[in-house]
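Just so it is clear, the model here is predicted, and its values are computed rather than measured.
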Amino acid sequence: FGIDVSIWNGSIDWTKVKNEVDFAILRIGYEYTLDTRFLEYVQGCIDNDIPYGVYIYSYAESRQEAVDEAKFVINTLEKYDLHPYLPIWFDMEDEVHVALSASEKQAVVQGFCDTILDAGYQPGLYTFVSWFNSHFSSSYYDSLPQWIAQIDGFTANGTSSYAGGTHMWQYSWEGSISGISGNVDCNICYFEYPGINSDSSYLSKCTYYPSNMDVTVSTAVNMRQYPS
């Protein structure tokens with residue numbers, strides 16, 4: 001279980017947060033602008049041994065603009081000697097992307113992700129479940145970790161009703177976590193990532209199952225329930 005946060009979450013007491021989360025995804029910024037809370041949040045995660053990843057809210061409308069956003073992320077990480085354990089997520093959901101054709105959308109995503117991967121980091125794609133269903137049908141996207149926003153998309157047994165495989169599920173924008181005032185985004189991560197790794201070949205070797213599948217185990221296992 002983890003959270004994603006940005007400047008809108010204000011001051012965070014990470015000493016309290018660490019008792020309730022397994023990871024955090026931090027907004028590094030939007031386009032080429034640094035989130036003014038990002039460095040504070042990173043230090044909070046580091047000081048409290050919370051694995052973290054980062055995401056950038058994109059306004060890119062072309063491959064080159066996406067490449068430039070990726071370079072902004074890379075330069076920021078290198079400038080401050082930061083090493084995210086979780087992927088660098090490309091947040092594609094803005095209205096500027098709506099009018100792009102399927103091929104133009106893929107060029108944008110691929111421009112960002114190729115640049116991130118070439119720099120030795122693991123890229124991933126975040127967007128709404130409706131976008132994955134209607135805009136991202138190319139097999140190219142199967143090679144990327146997918147972080148899907150599906151709010152209130154629960155099945156009867158409390159899992160995501162999304163029929164496709166997903167790597168991370170954002171299931172709520174109204175979570176409550178000690179150390180954070182107000183609502184916070186909540187996520188379930190289905191995989192452990194290797195951190196900084198330029199070799200993404202392991203992705204093609206994995207079988208990704210629907211996040212709403214039922215699993216029967218023959219031996220005792222420990223289960224974690226997400227906050228209500």
Side-chain angles (χ1 to χ4, degrees), residues 1-10 12 14 17-18 20-30 35 37-38 41-42 45 50-59 73 84-95 97-98 105 109 112-113 116 122-136 141-142 144-193 203 208-213 224-228:
F1 166 76
I3 56 175
D4 61 273
V5 294
S6 70
I7 185 177
W8 307 112
N9 294 103
I12 295 177
W14 292 97
V17 170
K18 71 176 181 179
E20 299 187 27
V21 306
D22 301 304
F23 66 91
I25 308 297
L26 317 176
R27 188 180 76 159
I28 196 169
Y30 55 93
D35 186 308
R37 290 277 188 180
F38 174 68
Y41 290 169
V42 168
C45 287
I50 301 172
Y52 71 92
V54 305
Y55 78 92
I56 183 169
Y57 187 94
S58 175
Y59 288 102
V73 172
Y85 178 78
L86 294 168
I88 296 174
W89 300 96
F90 186 62
D91 182 351
M92 190 177 192
E93 60 176 292
D94 194 78
E95 61 182 12
H97 301 127
V98 174
K105 288 184 177 72
V109 174
F112 179 89
C113 291
I116 293 295
Q122 176 62 59
L125 175 62
Y126 166 92
T127 196
F128 300 113
V129 65
S130 60
W131 278 50
F132 271 110
N133 287 332
S134 60
H135 297 286
F136 301 121
Y141 299 105
D142 295 336
L144 296 175
Q146 299 176 5
W147 175 16
I148 294 178
Q150 185 188 29
I151 308 305
D152 298 326
F154 294 94
T155 63
N157 62 359
T159 58
S160 170
S161 61
Y162 176 59
T166 181
H167 301 74
M168 192 155 70
W169 171 31
Q170 185 185 71
Y171 67 86
S172 176
W173 299 327
E174 299 180 336
S176 179
I177 296 292
S178 299
I180 301 179
S181 298
N183 296 330
V184 64
D185 297 347
C186 296
N187 306 271
I188 298 294
C189 184
Y190 295 100
F191 296 91
E192 182 174 356
Y193 291 94
L203 286 171
Y208 299 111
Y209 296 97
S211 54
N212 62 347
M213 70 182 297
R224 182 184 180 92
Q225 176 67 28
Y226 50 79
S228 59

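- Taking every heavy atom of both residues into account, D185 and N187 meet most closely at O-ND2, 3.9 Å.
- Closest approach of G2 to V21, counting heavy atoms only: CA-CB, 4.5 Å.
- Using bins of under 30°, 30° to 60° and over 60° for the plane-to-plane angle, the ring pair F128/W173 lands in the perpendicular bin.
- In this structure, the side chains of I3 and V17 come closer than 4.5 Å at one or more pairs of heavy atoms.
- The line from CD of E174 to OH of Y171 is 12.0 Å long, rounded to the nearest 0.5 Å.
- Smallest separation of non-hydrogen atoms from Q170 and A149: OE1-CB, 3.3 Å.
- Within a 6.0 Å sphere centred on CZ of F23, heavy atoms belonging to other residues, nucleotides or ligands number more than 12.
- Taking 4.5 Å as the limit, some side-chain heavy atom of C186 sits within range of a side-chain heavy atom of F1.
- Atoms CG and CG, from D4 and D91 in turn, are 9.0 Å apart once rounded to the nearest 0.5 Å.
- By the ring pair (Phe, Tyr, Trp, His ring centres under 6.0 Å) test, Y141 pairs with F136, sequence neighbours left out.
- Rounding to the nearest 0.5 Å places CD1 of I7 at 8.0 Å from OH of Y30.
- A donor and an acceptor atom, one from each side chain of E20 and S178, are located under 3.5 Å apart.
- Every residue two or more places apart in sequence or in another chain was checked for a side-chain hydrogen bond (donor to acceptor under 3.5 Å, both in side chains) with W8, and none qualifies.
- In terms of heavy atoms, P84 sits closest to V54 at CG-CG1, 4.3 Å.
- Rounding to the nearest 0.5 Å places NE2 of H97 at 4.0 Å from OG of S58.
- F38 is linked by a ring pair (Phe, Tyr, Trp, His ring centres under 6.0 Å) to nothing, counting only residues two or more places apart in sequence or in another chain.
- Checking side-chain atoms of D35 against main-chain N and O of S6 turns up no donor-acceptor pair under 3.5 Å.
- Contact of the I28 side chain with the Y55 side chain is not registered, since no non-hydrogen atoms from C-beta on lie closer than 4.5 Å.
- The shortest side-chain heavy-atom distance between W14 and I180 does not fall under the 4.5 Å cut-off.
- When side chains are defined from C-beta on, I56 does not count as touching R27, because their heavy atoms never get closer than 4.5 Å.
- Among residues two or more places apart in sequence or in another chain, the side-chain hydrogen bond (donor to acceptor under 3.5 Å, both in side chains) test is passed with D94 by Y57.
- The closest side-chain heavy-atom distance from P87 to M168 is not below 4.5 Å.
- Of the candidates L144, I88, L125, C113 forms a side-chain contact (heavy atoms from CB on, under 4.5 Å) with just one, namely L144.
- Here Y126 pairs with W147 under the ring pair (Phe, Tyr, Trp, His ring centres under 6.0 Å) rule; sequence neighbours left out.
- Residues Q150 and W169 are in side-chain contact: their nearest non-hydrogen atoms beyond the backbone lie under 4.5 Å apart.
- Take S181 and apply the side chain to side chain contact (heavy atoms under 4.5 Å, CB included) test, not counting sequence neighbours, and it matches no residue.
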Next item on the list: For the pair V98 and W131, evaluate side chain to side chain contact (heavy atoms under 4.5 Å, CB included) and give the outcome as yes or no after the intermediate values.
Entry: CA-CA 10 Å; V98 174; W131 278 50; 3.9 Å; yes
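- A donor-acceptor pair is defined here as one N or O able to donate and one able to accept, closer than 3.5 Å; such a pair exists between the side chain of T127 and the backbone of M92.
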Notebook entry, point to check: Under the side chain to side chain contact (heavy atoms under 4.5 Å, CB included) criterion, do V109 and F90 qualify, and how do the steps go?
Noted result: CA-CA 7 Å; V109 174; F90 186 62; 4.2 Å; yes
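- Minimum heavy-atom separation, P51 to Y85: CB-CD2, 4.0 Å.
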